[in-house]
Engineer: 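Sending over a structure as structure tokens; questions will come in a sec.
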There are 2 protein chains.
Amino acid sequence: MASEHPPISAPTISDVAAAAGVGRATAARTLGGYGSVSAVARERVLAAAERLGYRSNILARSMTTGVTNSLGIVVADIGNTFFSGLIRGASDAASARNLDVIVISTYEDLAAERHAVGVLLDKQVDGIVVSSAAVGAPDAEHLAEATRRGTPVVLIDRLVPGLHLDAVVVDNRAEARRVTRTLIEAGHRRIGFLWGPTTDTGIDTLDELLTVNTRSLWSDAERLRGYLDALQDAGIPYAPGLVTTGAKTEESAARAALAMLQSEDPPTALFATEAEALIGALHAVQDLGLSYPGDVSLVGFDDTSWATVMQPPLTMIAQPVDAMGRLAVEQVVSRIGSPEYEPRLHMLPAELMTRSSIGPPSRVPGAPTASAGKA
Amino acid sequence: MASEHPPISAPTISDVAAAAGVGRATAARTLGGYGSVSAVARERVLAAAERLGYRSNILARSMTTGVTNSLGIVVADIGNTFFSGLIRGASDAASARNLDVIVISTYEDLAAERHAVGVLLDKQVDGIVVSSAAVGAPDAEHLAEATRRGTPVVLIDRLVPGLHLDAVVVDNRAEARRVTRTLIEAGHRRIGFLWGPTTDTGIDTLDELLTVNTRSLWSDAERLRGYLDALQDAGIPYAPGLVTTGAKTEESAARAALAMLQSEDPPTALFATEAEALIGALHAVQDLGLSYPGDVSLVGFDDTSWATVMQPPLTMIAQPVDAMGRLAVEQVVSRIGSPEYEPRLHMLPAELMTRSSIGPPSRVPGAPTASAGKA
DNA sequence: CTGTTAGCGCTTTCAC
DNA sequence: GTGAAAGCGCTAACAG
């Protein structure tokens, strides 16, 4: 039942100060939580603020302080569960710190990524987490530039060779090597690799493959190298037809798997580098009336809940998406505090979820050494 | 090779104006794209801006104009593919309009949702898209309030009874009724419903169920009603044991399905209201060594790519997530333009992806009418 | 501890 | 058309 004319627009600090009978600065200090104010003054200000329903205008605050309490996160595809898992971890960590998150999807397009970073910089976010489409430092000038200008950026999921920034990734090469070895130990020698580098020129030699691989995303390139490492460890020669070179789509993976499986000397195991690729592989296997692990063994990156419900359940590599997201924002936050230390590389372990899609090879290929392994 | 001392901090409109030899206002006009400027002046300003590398400070702009070119979207769980699909559609539509999106996850917690909306309002987003955890208007004061204060909000996926706002949803009741009828037409009379209302008090009568259902999220409540509608249409009495009352988790769904399937008069079909529930159901089926659709038929909401690769492939209801997301931002945008028209309700159709998880019932329950249906 | 006084960079009257 | 000048709401530097 008051008398003071309620301001038509939202109350400002001046309104509160006036209502409390103190100067603007005092009101600002108590409301902004800085400087020091006497207990009495604080009480009166708080009461007045409460009464007026005061909410600070954070745009104005951000303009003068330069901090927006928001983080940008740019990923390839929000709709992909790997990335949405990352985002989930990141945004949980962010809200725990009272930061909010602006999400942008680039669909692996570098131009879109540059634009996204520009938007974020314009918005004056306090930091950026990005899973970049850049395959090398020259592509990533926008990231280097942002850092230089004072907005910390941390890479997530993918490193960019030549770019020294904080990063949170999984050791893709080691993980790929490990599963491939698992396959080899089960007796496999012909292992199909789904989602090798995309290229239209045929790849015949290992050298060519390695060269082309250089132009792939770090994570993809690393997985291929890990696969190749394991092959080499076991003295198995590289077989051109077993590494895919098509587009990275489910359909393309299905076609490639189909072709491999129908070839004269088909693979006895398939390693899929991504959930989508695995689904493609499964389609191929099913279309051919094959079963796993009887006819072909199967493994894939990026574990999901449906893997447990497949018959038989799928053995998968589980990346710690939630932890990666959290760690990335923690890293970016600590970088905001103290910008000048060496970039930190966080390599998190992945976990091989052993289930039942790996078995012994269905047949013994040319080489005589084959069936020696286990039995 | 210049001479003008490069400003230590980013160039402002004043810098550009000075460099161009015009007044601030003229520079502001051409750079801000409002008012009118002579061709010559515009050229000089543009050139100067280019030369200085001017980027407008959108925080300052937002502060004076009140528009931030950003939208808030609050969902229950970013990690859930249904919501990440929504977000994907929404953020695509947003970037097409040069808006960016701030995403917040609430995990179905109303307090978190209120907080999220508060944050968004503080950020002065131009509009909010929310899939609310409110089950009735009293819970949704924060949404009504936001609208009243001039920030349009559009509901997505879920209506809030009693709250008249723009909304984009699927007719959950009709869709649930439709699949249930499909099941009935296949001969089923005992159909388990996974993810009925969560409650610890037992539910014995239909009335009790209906009452409790009132306290569920709109979408969940509607799906149950649709199920009940179809039962009633077919003259099948409500069977208490066939509607779940546990928590909404995969494990709980699995337990409930297990219990149903092991009961004396088990269901011959299971209708799962969510992907997680379906996975739970599949676990139960498999643990019991049952197969589908031979022993039990299965259907679920929220189609995904892995449904096609299950053996047999799963029949699912596909919600148009992408379109829902897009439409929601379109709606919120048009509401920003002209705030005063009747709230619009967009009910999008879902699609039943018929595959192979529905078959005839495995056995004939008590009633004599059963096997009459098809054969 | 507190009030006064300047800005932050932009938009927006308002005269010229 | 164009420039000068007045804010937007806040923080910050400076006296007292």
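On a predicted model such as this, the values are computed, not experimentally measured, just so you know. Chain letters run A, B, ... following the sequence lines, proteins first, then strands; residues in each count from 1.
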Engineer: Any carboxylate oxygen within less than 4.0 angstrom of a Lys/Arg side-chain nitrogen, looking at B/Glu330 and B/Arg335?
Structural biologist: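 B/Arg335 and B/Glu330: not salt-bridged.
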Engineer: Nearest to the A/Ala25 side chain among C/dT2, C/dT4, C/dC8, which nucleotide is it?
Structural biologist: C/dT4
Engineer: Between A/Tyr54 and D/dC10, does any side-chain N or O lie under 4.0 Å from OP1 or OP2?
Structural biologist: yes
Engineer: Report the distance from atom CE of A/Met63 to atom P of D/dT11, rounded to the nearest whole Å.
Structural biologist: 11 Å
Engineer: For B/Ser56, report the nucleic acid contact type (base, sugar-phosphate, nothing); a contact means any heavy atom under 4.0 Å.
Structural biologist: sugar-phosphate
Engineer: Compare the minimum distances between each of D/dT2, D/dT11, C/dT11 and the side chain of B/Thr64, then state the nucleotide with the smallest one.
Structural biologist: C/dT11
Engineer: Using a cut-off of strictly less than 4.0 Å, decide whether B/Thr26 has a side-chain nitrogen or oxygen near OP1 or OP2 of D/dG3.
Structural biologist: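 For D/dG3, OP1/OP2 do have a side-chain N/O of B/Thr26 under 4.0 Å.
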Engineer: Under the salt bridge (charged side-chain N to carboxylate O under 4.0 Å, His left out) definition, can you give me all pairs with a residue in residues 103-122 of chain B, not counting sequence neighbours?
Structural biologist: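 As it turns out, the salt bridge (charged side-chain N to carboxylate O under 4.0 Å, His left out) pairs with a partner in residues 103-122 of chain B, which skip direct neighbours, are A/Arg55-B/Asp122, B/Glu108-B/Arg158.
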Engineer: If you check the A/Ile13 side chain, which of D/dC10, C/dT12, C/dC10 turns out closest?
Structural biologist: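 Output: D/dC10.
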Engineer: Nearest to the side chain of A/Ala60 - D/dC10, C/dT11, C/dG3?
Structural biologist: D/dC10
Engineer: Rounded to the nearest Å, what distance is computed from the CG atom of residue B/Leu59 to the P atom of nucleotide D/dT11?
Structural biologist: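 After rounding, the reported distance stands at 13 Å.
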Engineer: Hey, is the side chain of B/Arg29 pairing donor to acceptor with the base of D/dG3 inside 3.5 Å?
Structural biologist: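 Looking at the base of D/dG3, it does pair with a donor or acceptor on the side chain of B/Arg29 (distance under 3.5 Å).
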